[in-house]
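Only one structure is covered here, and it is reproduced in the block below.
What you see below is based on every heavy atom in this structure, not just the backbone, and it leaves out hydrogens, waters and symmetry mates. A quick note: this is a predicted structure, and the numbers were derived from the prediction, not measured.
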Amino acid sequence: MTTTAEKVKTYQNYVDGEWAAASGGKTYGVLNPATEDVIGLAPDSARDDMSRAIAAARQAFDEGPWPQMSLRDRSRIIRQIADGMNQRKDDIRQLLVSEAAAEYATHPVNLENPIQYMYDYADLTVKYPFEEMVQPDVVDMGMGPRLINQMVYRAPVGVCGLIPTWNFPLFVTIQKVGPALAAGCTMVIKPSPYAPLINLLLAEIVQQTDLPAGVFNVVCGEGVDIGSELVDSPLVDKISFTGSVATGKKIMEAGARTLKRIHLELGGKSPNIILDDMDVNAVAPGAASPAFFHAGQGCVMTTRVLVPSEKHDNLVQSMVGFVSQFVKIGDPADPQVLLGPLIREERRLKVEEYIASGKEQGAELATGGGRPKDLAKGYFLEPTIFANVKNDMRIAQEEIFGPVVSVIPYKDEEEAIRIANDTRYGLGASILTTDVAKAHRMAKRLRAGTVTINGGGPPRFVPFGGFKESGIGREGGKYGLDEYTEIMAIQWG
Ligand code: NAD
């Protein structure tokens, strides 16, 4: 690790509208995964730093103007944040590249979508049905009939602890912050230790707006204590976490002690079902994409490619041809680079363990599997494709979160559906065919939160979330906003 600490900026937490160093002034170095250089010193906070932020968010919710502010004003302030993001787009882009190793090919999702979504949430604030009249009722409790008027009011859920991840850091943060603000909640963000700086840049943007102090707070640190403090605190009403299944389960368990609303966006092992009417050469680049797109570090990537047995070899050949010819590996600061590094060395070692297990369990390594020879620095791995994988192998069952794809042959469509559903995950699935009617029938038999037929896009107006161990709850548009409200009934005579 190159320490250029004397040249890099020291960042602070954002609490109650002000910048504050971590208690004891502790910091830690945030790395650029491509160069291994320290790009900034983030505050390394302790439980008491988190407690102060929670108290500020609690006070802003219980006594501040935000939850009661008119929807027009709330919308206006959310729009100010979106405008601020738009104005600082170049700074955001730079940080996404250096902190999250975000290749230019990911920028539509990493950069453009979050800005667009923030505008969407500003619009949604004034369109969302916070108040709905319900059919009146006539009741007789023994004193004669009475007409009861009734309505449903969606109140803000309260103080939210937001724990986003690092792979699409701004996207994930905005999918939490946008609906939380729209609903009138206050919040404390606990960024991933790998990508705190983008969240602090968002705090700089927020500080320039009319958002009341205490509504939006960011507390960073390397350890898990501050996350635990957020989950344990009785002052926090809801946790929204994006990360691994293992951490999600711990959060759910700890959150149960205070009966918090727990929203979990977790991992996936999504199938890509190629039906026998498809030209395998045409679908090969897309099928291979988890072996290079953002180094396979995406929750909903289709890392299990299911192909009719008779087309298996041709597909694998075409996928290998594509990655060896077209995938440029290197520092994502180069716009031509398609495959950047993994986020950290410990994550690369974990992916290498999976590659070894694939070989040991008898999968055929069709390409990749090693470290690129010409890159001395950075946590790079080659695009890796395993062929003739069996669905009970570890590389087919466990989320690898690296540039590794498994190609699994199947006999017939019934078997394809069985294999697709034979996983503890249920985040996404893809079907490729010219027979769209058949694909719709298949889609409804898949146990996954999102099914795309011949390709899809980021979840702008549709809900996003998982079945089974891929999570609980939905993000995105109106469905995301639902999750930040408590449903109240109000009746009057
Ligand atoms: P992770 O589980 O390692 O999460 C780490 C985060 O959780 C850190 O911020 C850490 O401080 C915090 N943490 C750890 N223990 C905690 C505890 N006991 N209480 C509170 N906080 C605690 O996951 P990661 O590496 O950040 O993210 C990668 C995972 O995220 C992958 O599994 C990926 O599929 C998933 N993901 C899901 C989505 C989605 O929308 N479903 C999107 C992106 C990524």
Side-chain angles (χ1 to χ4, degrees), residues 66-67 69-93 96 102 106-132 154-157 160 162 164-165 167-187 189 198-199 201-206 208-211 215-216 218 238 240 242 263 265 298-300 427-428 449-450 452 455-466 471 473-485:
W66 185 246
M69 197 176 274
S70 77
L71 296 177
R72 273 181 67 171
D73 278 342
R74 225 142 79 189
S75 171
R76 177 180 61 78
I77 293 173
I78 296 172
R79 187 170 296 279
Q80 286 179 337
I81 299 174
D83 286 340
M85 291 167 72
N86 217 6
Q87 282 152 16
R88 302 222 31 205
K89 207 165 166 178
D90 288 342
D91 298 335
I92 298 175
R93 188 188 301 280
L96 285 169
T106 70
H107 291 192
V109 181
N110 253 321
L111 177 62
E112 308 293 344
N113 283 154
I115 298 173
Q116 181 60 60
Y117 290 7
M118 210 58 185
Y119 283 114
D120 288 348
Y121 283 114
D123 290 344
L124 194 57
T125 306
V126 285
K127 289 187 194 148
Y128 184 79
F130 285 103
E131 295 182 4
E132 264 181 292
R154 285 186 170 268
V157 70
C160 300
L162 308 180
T165 185
N167 63 337
F168 290 86
L170 191 63
F171 183 100
V172 172
T173 295
I174 292 302
Q175 284 288 61
K176 301 181 190 308
V177 169
L181 288 175
C185 298
T186 63
M187 64 212 69
I189 303 174
I198 198 82
N199 290 276
L201 176 52
L202 186 61
E204 282 178 26
I205 292 166
V206 165
Q208 300 304 311
T209 69
D210 297 332
L211 192 74
V215 173
F216 176 100
V218 185
K238 172 188 166 96
S240 176
T242 298
H263 184 164
E265 295 284 340
C299 54
V300 77
L427 196 55
T450 300
T452 65
R460 183 163 172 205
F461 304 120
V462 286
F464 183 79
R474 293 292 179 267
E475 289 189 332
K478 164 193 178 305
Y479 307 92
L481 216 167
D482 289 346
E483 305 271 351
Y484 288 85
T485 64

To the nearest 0.5 Å, how far apart are [atom1] in [X] and [atom2] in [Y]?
| X | Y | atom1 | atom2 | answer |
| --- | --- | --- | --- | --- |
| Ile198 | Thr173 | CD1 | OG1 | 8.5 Å |
| Leu211 | Ile205 | CG | CD1 | 13.0 Å |
| Leu202 | Ile81 | CG | CD1 | 7.0 Å |
| Asp120 | Ile78 | CG | CD1 | 11.5 Å |
| Met85 | Tyr117 | CE | OH | 11.5 Å |
| Phe171 | Lys176 | CZ | NZ | 10.5 Å |

Least distance between heavy atoms, [X] atom then [Y] atom:
| X | Y | result |
| --- | --- | --- |
| Trp66 | Leu181 | CZ2-O, 3.4 Å |
| Thr242 | Glu475 | OG1-OE2, 4.4 Å |
| Pro458 | Asn113 | CG-OD1, 3.2 Å |
| Cys299 | Asn167 | N-ND2, 4.1 Å |
| Pro459 | Gln175 | O-NE2, 3.9 Å |

Does any part of the side chain of [Y], heavy atoms only, come nearer than 4.5 Å to the side chain of [X], both counted from C-beta?
| X | Y | answer |
| --- | --- | --- |
| Lys238 | Cys185 | no |
| Leu427 | Phe464 | yes |
| Pro179 | Tyr121 | yes |
| Glu265 | Val172 | no |
| Phe168 | Ile174 | no |
| Tyr484 | Ser240 | yes |
| Thr450 | Val462 | no |
| Glu112 | Lys89 | yes |

- Query: Would you say the side-chain atoms of Ser75 pair up with the backbone N or O of Leu71, donor to acceptor, closer than 3.5 Å?
  - Reply: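 Not confirmed, Ser75 side chain does not pair with Leu71 backbone.
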
- Distance-only, no hydrogens or angles: does the Arg74 side chain make a donor-acceptor pair with backbone N or O of Pro67 under 3.5 Å?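 Here the side-chain-to-backbone pair exists.
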
- Item | SB check Arg474 Glu483 (cutoff 4.0 Å) |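 Salt bridge: no.
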
- Taking only Lys NZ, Arg NE, NH1 and NH2, and the carboxylate oxygens of Asp or Glu, determine whether Glu204 and Arg88 approach each other closer than 4.0 Å.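 A salt bridge links Glu204 with Arg88.
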
- Residue list, side chain to side chain donor-acceptor pair (under 3.5 Å) with Thr485, at least two apart or on another chain: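 So Thr485 forms a side chain to side chain donor-acceptor pair (under 3.5 Å) with Arg154.
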
- Would you check, one step at a time, whether the test salt bridge (Lys or Arg N to Asp or Glu O under 4.0 Å) holds for Arg79 with Asp83? CA-CA 6 Å; Arg79 187 170 296 279; Asp83 286 340; 5.9 Å; no

